[in-house]
Amino acid sequence: MAQPLREGLAAPDPLQLGIVAEADGRLLDADGNPQPGLYGIGSPLRGNLWECTAMPEIRGAANRLAQTLTAAGDTPGRQAVSQA
């Protein structure tokens with residue numbers, strides 16, 4: 001999680017609990033721009049998507065992300081950022 005923040009690919013949320021993302025989990029960079037191919041699910045998004053820390057919501061987010069990535073095709077460089 002620290003590397004995307006250091007590189008400006010992600011930005012901390014206003015509460016400093018995690019990183020900022022759109023509703024679909026796409027990370028926002030330091031300038032507030034969505035980052036193509038960079039997604040987060042679960043606790044890293046708790047600052048702006050608080051409910052994302054419960055297992056039912058994480059399962060749902062993982063399913064939606066899988067559908068999004070499948071629909072987009074297998075593009076090299078796509079990665080999901082999550083916390084185990």
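Excluded from the calculations below are hydrogen atoms, water molecules and symmetry mates; all remaining heavy atoms, backbone and side chain alike, are included. Keep in mind the model is a prediction, meaning the values are calculated, not measured.
Shown here are the salt bridge (charged side-chain N to carboxylate O under 4.0 Å, His left out) partners of Arg26, two or more places apart in sequence or in another chain: Asp24. Checked against side chain to side chain contact (heavy atoms under 4.5 Å, CB included), Pro14 has the following partners two or more places apart in sequence or in another chain: Val20. By the side-chain hydrogen bond (donor to acceptor under 3.5 Å, both in side chains) test, Glu7 pairs with Gln3, sequence neighbours left out.
The minimum heavy-atom distance between Asp29 and Gln35, with the atom names listed, is OD2-NE2, 3.0 Å. Here the closest heavy-atom approach between residue Ala11 and residue Ala30 is recorded as CB-CA, 3.9 Å. For the residue pair Asp13 and Leu17, the shortest heavy atom distance occurs at OD2-N, 3.1 Å.
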Only pairs under 3.5 Å count here: list side-chain donor-acceptor contacts from residues 60-69, not counting sequence neighbours, and write none if there are none.
| from | atom 1 | to | atom 2 | distance (Å) |
| --- | --- | --- | --- | --- |
| Arg64 | NH1 | Gly60 | O | 3.3 |
| Thr68 | OG1 | Arg64 | O | 3.0 |

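Follow the hydrophobic side-chain contacts under 4.5 Å out from Leu45 and you reach Leu38 in the same cluster.
For the pair Leu27/Ile19, a side-chain contact is recorded, criterion being any heavy-atom separation below 4.5 Å from C-beta on.
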